[in-house]
Amino acid sequence: MHIYDSVQKTKVLFEPIKQGEASIYVCGPTVYDDAHLGHARSSLAFDLLSRTLKALGYKVTMGKNFTDIDDKIIKKVEETGKSMQEITTFYIDRYLEEMAALGVQRADIEPKATESLQAIEDMIQTLIDKDMAYVIFTGDVYFDTSKDSHYGEISHRVSEDEDSLSRVEHTSEKRNPKDFALWKACKGKEDICFEAPFSSGRPGWHIECSAMIEKYFEKEHGNGKYSIDIHGGGADLLFPHHENEAAQSRCATGHELAKYWMHNGFVQIDGEKMSKSLGNSFFLKDALKVYDGEVLRYYLNSVHYRNNFNFNEEDLQTAKKRLDKLYRLKKRVSPGKASAVNKDFKKALLDAMGDDLNISIALSIIDVMIADTNDAFDKEAKNKALKKETLANIEFIDSLLGFGGKEPFEFFQIGISQEEKANIESLITERSEAKKEKDFARSDAIRDELIAMGISIMDTADGTVWEKA
RNA sequence: GGAACCAUCGCCAAGUUGGUAAGGCCGCAGCCUGCAAAGCUGCUAUUCGCCGGUUCGAGUCCGGCUGGUUCCUCCA
């Protein structure tokens, strides 16, 4: 398996800390609002990574955190009058539900900041004790970036002279402009605070991930040199978030946080990064109202994870057409029992995905398989061995890439109610009778009626089948 | 202002170590069909933003230019 390491800025051979195992930690969402398409893409990208490593035989341990202490959450508490926990559990549940709809496998470890406070405090205290962090008069604790000679190596940021041009505001209490908060002391009585030796307050964002990785991964997955194999997240997290994480962990523990760093590209709308401030964010829940989760998954995963992704409806329809072809083939070989997956096909897919998740190649291999198989069935409709192998191939696609697992006839009927279904069936029966009597005017009229309803029909050797367009 | 990444057919999009352009959508022709749809077959970039350079040979390496995006501030 080769992966692109964003720190080394090149594709490298993945050599895990522990033979045959892979530990991955991905920065999860701050749970103060619904997930948008960007969260989906990140989640999907690392789901693909996890599935690929599993298919290659690695024992994967996936961690994804929930940041459930944060300024934005507190703001939401103030706005809504609800408790912090009410808000965070609500959005965590929503997040998990929506990711499940996209076929994202659950992480093995899902730590929350609120459940890791001791680990966070311990790490901050260690840094203070080592004089790598300092408490200012307000009770805030800052990390002293000047004490870490490796600071900047993750994001390749030159430290010189940055302050003169930087847009970062200078806080006089900070020793260095780039020092960042490990702990924020509470400001008022209504503020949400946790007691700690240094002050009553709450953790800064960066320290959460470091402490959680240390707490949940280091012992079982680390080797004294690294805590985890791969640390992932969106490209915007590289700096400052991951730089800061790496610095804290390095200074507090004496070893590096992660052996490899991977970052996914953005979802863009009309060529611009999707974000709330731009007012162009697209909630996943809204997309899921209109499109099937599996189609969204296929679409969002159809472009290499490191590239930016320009979301638009036309491309989504194209993606759906491509997925449809797989399901039409599945219809052709269903129902039945799967035999063994074709070895060459499996190897080709694994080779593609093993090359830094080259999904484009993987999808093209699938397209070719579909065409070849259809061709073979056109020539020999009752090739039982091929039917079984095709079912196995599709099962493999589902396990590796997370699509193609549905019952094929149902796939084409998503969103159709029972009454509509009955109506469609009776129209088709009527049309078949008209056809039998060679009343083509009547049968074509019925077909037009169905098309007007958004239903397309196909006459096959086994009778007429229909699909929602 | 500083830094990084990207620029391939009408659209989407692959293309480690330079060796002569995957796949999908759309389109055209054909097979199949009562006609369609679906499926299949064939065709569709002498060319990879522009200009130079290195080389027997460059989409792939080097330099410059132009255009786009991102990061430097919360952010997937």
_A quick test of your reading: do over 12 heavy atoms of other residues, nucleotides or ligands sit less than 6.0 Å from NZ of A/Lys406?_
yes
*Check whether NZ of the Lys or CZ of the Arg A/Lys273 lies under 6.0 Å from the centre of the six-membered ring of A/Phe266 and within 45 degrees of that ring's axis.*
yes
*asked:* Using the P atom as the point on both nucleotides, what is the distance between B/C11 and B/C26, in whole Å?
replied: 16 Å
_In this structure, how many angstroms lie between the P atom of B/A13 and the CG atom of A/Leu300, rounded?_
13 Å
*Could you work out the separation of B/C50 and B/A58 based on their P atoms and round it to a whole Å?*
15 Å
*Rounded distance (Å) that lies between atom P of B/C71 and atom CH2 of A/Trp261*: 18 Å
_Closest-nucleotide ordering on RNA chain B, the 5'-leading residue of A/Phe309 and A/Ser456_ = A/Phe309
_Classify A/Asn264 by what it touches in the nucleic acid, base, sugar-phosphate, or nothing, heavy-atom distance under 4.0 Å._
base
*asked:* Distance check, C1' atoms only: B/C56 and B/C51, in whole angstrom units.
replied: 23 Å
*What nucleotide, of B/C40, B/C11, B/A76, holds the atom closest to the side chain of A/Thr30?*
B/A76
*Determine the Euclidean distance between corresponding C1' atoms of B/G19 and B/A76; express it in Å to zero decimal places.*
40 Å
*Would you say A/Arg157 reaches B/C71's phosphate, i.e. side-chain N/O to OP1/OP2 under 4.0 Å?*
no
*Does the side chain of A/Asn307 get closer than 4.0 angstrom to OP1 or OP2 of B/A14 through an N or O atom?*
yes
_Between the side chains of A/Asp33 and A/Lys72, is the shortest nitrogen-to-carboxylate-oxygen separation below 4.0 Å, so that they form an ion pair?_
no
*For atom CG of A/Leu316 and atom C1' of B/A13, their distance in whole Å*: 16 Å
*From the options B/G39, B/C12, B/C71, select the nucleotide whose nearest atom is closest to the side chain of A/Asp378.*
B/G39
_Counterpart base for B/G63, defined by Watson-Crick or G-U wobble contacts under 3.5 Å_ = B/C51
_In this structure, how many angstroms lie between the C1' atom of B/U70 and the NE2 atom of A/His242, rounded?_
16 Å
*A/Lys435 pairs by side-chain hydrogen bond (donor to acceptor under 3.5 Å, both in side chains) with which of A/Thr464, A/Asp459, A/Asp444?*
A/Asp459
*Aromatic A/Phe309 / basic A/Arg41 pairing, under 6.0 angstrom, 45° off normal*: no
*With A/Lys331 as the cation and A/Phe412 as the aromatic partner, state whether NZ or CZ is under 6.0 Å from the six-membered ring centre and within 45° of the axis.*
yes
*A/Leu238 CG to B/A3 C1', straight-line distance once rounded to whole Å*: 12 Å
*Please determine, for B/C71, whether a Watson-Crick or G-U wobble partner exists with both distances under 3.5 Å, and give it or none.*
B/G2
*Pairwise C1' distance for B/U60 and B/C31, with rounding to whole Å*: 40 Å
*Pair partner, B/G34 [Watson-Crick or wobble, under 3.5 Å]*: none
*Rounded to the nearest angstrom, tell me the gap between atom CG in A/Leu450 and atom C1' in B/A36.*
13 Å
_Paired nucleotide for B/A21 [Watson-Crick or G-U wobble; both distances under 3.5 Å]_ = none
*Looking across every strand, which nucleic acid part, if any, lies under 4.0 Å from A/Gln268 by heavy atom: base, sugar-phosphate, or nothing?*
sugar-phosphate
*Between A/Phe411 and A/Phe403, is the ring centre distance below 6.0 Å?*
no
*Look at the aromatic rings of A/Tyr25 and A/Phe217 and report parallel, tilted or perpendicular, splitting at 30° and 60°.*
perpendicular
_Does A/Lys75 form a salt bridge (Lys or Arg N to Asp or Glu O under 4.0 Å) with A/Asp71? I'd like the steps, not just the answer._
CA-CA 6 Å; A/Lys75 199 174 162 217; A/Asp71 288 348; over 6 Å; no
*What is the nucleic acid contact for A/Gly234, judged by heavy atoms within less than 4.0 Å: base, sugar-phosphate only, or nothing?*
sugar-phosphate
*Taking the side chain of A/Phe266 as heavy atoms from C-beta outward, which of B/C71, B/U41, B/C11 is closest to it?*
B/C71
*Could you work out the separation of B/U17 and B/C32 based on their P atoms and round it to a whole Å?*
47 Å
*Please give the nucleotide sitting opposite B/U16 as a Watson-Crick or G-U wobble pair, both distances under 3.5 Å, or none.*
none
*Which of the following nucleotides, B/C11, B/A76, B/C40, is nearest to the side chain of A/Asn374?*
B/C40
*Output yes when A/Arg322 and A/Asp367 qualify as a salt bridge under the 4.0 Å nitrogen-oxygen rule, no when they do not.*
yes
*Within the structure shown, what part of the strands sits under 4.0 Å from A/Val267 by heavy-atom distance: base, sugar-phosphate, or nothing?*
base
*Could you tell me whether A/Ile457 contacts a base, only the sugar-phosphate backbone, or nothing, with contacts defined as non-hydrogen atoms closer than 4.0 Å?*
base
*OP1 or OP2 of B/A14 less than 4.0 angstrom from a side-chain nitrogen or oxygen of A/Asn358, does that happen here?*
no
*Report, as a single string ordered 5' to 3', how protein heavy atoms within less than 4.0 Å touch nucleotides 20-26 of chain B: B base, S sugar-phosphate only, - not at all.*
--BBSSS
*Between atom CG in A/Asp33 and atom C1' in B/A76, what is the gap in whole Å?*
14 Å
*Please report, rounded to the nearest Å, how far the P atom of B/U17 is from the OH atom of A/Tyr4.*
14 Å
*Sugar-phosphate only, base, or nothing, as touched by A/Phe377 at under 4.0 Å among non-hydrogen atoms*: nothing
*Can you give one letter per nucleotide of nucleotides 27-35 of chain B, 5' to 3': B if a protein heavy atom sits under 4.0 Å from the base, S if only from the sugar-phosphate, - if neither?*
-------BB
*When the C1' atoms of B/U8 and B/U55 are considered, how many whole Å apart are they?*
23 Å
*Does A/Asp144 come within less than 4.0 Å of A/Arg175, counting only side-chain N to carboxylate O?*
yes
*asked:* At 4.0 Å (heavy atoms only), tell me whether A/Lys72 reaches a base, stays on the sugar-phosphate, or touches nothing.
replied: base
*Can you figure out which of B/G39, B/A4, B/C11 approaches the side chain of A/Arg332 most closely?*
B/G39
*Identify, between A/His304 and A/Arg328, the residue whose nearest nucleotide on RNA chain B lies closer to the 5' end.*
A/His304
*For atom C1', what is the distance between B/A7 and B/C48, given to the nearest Å?*
10 Å
*asked:* Set out, in order, the CA-CA distance, both residues' side-chain angles and the distance that settles ring-ring contact (aromatic ring centres under 6.0 Å, His included) for A/Tyr95 and A/Phe66, then state yes or no.
replied: CA-CA 10 Å; A/Tyr95 178 89; A/Phe66 288 107; 5.6 Å; yes
*Could you tell me whether A/Glu437 and A/Arg442 make a salt bridge, using a distance below 4.0 angstrom between a side-chain N and a carboxylate O?*
no
*Mind checking A/Arg41 for me? I need base, sugar-phosphate or nothing, with any heavy atom below 4.0 Å counting as a touch.*
nothing
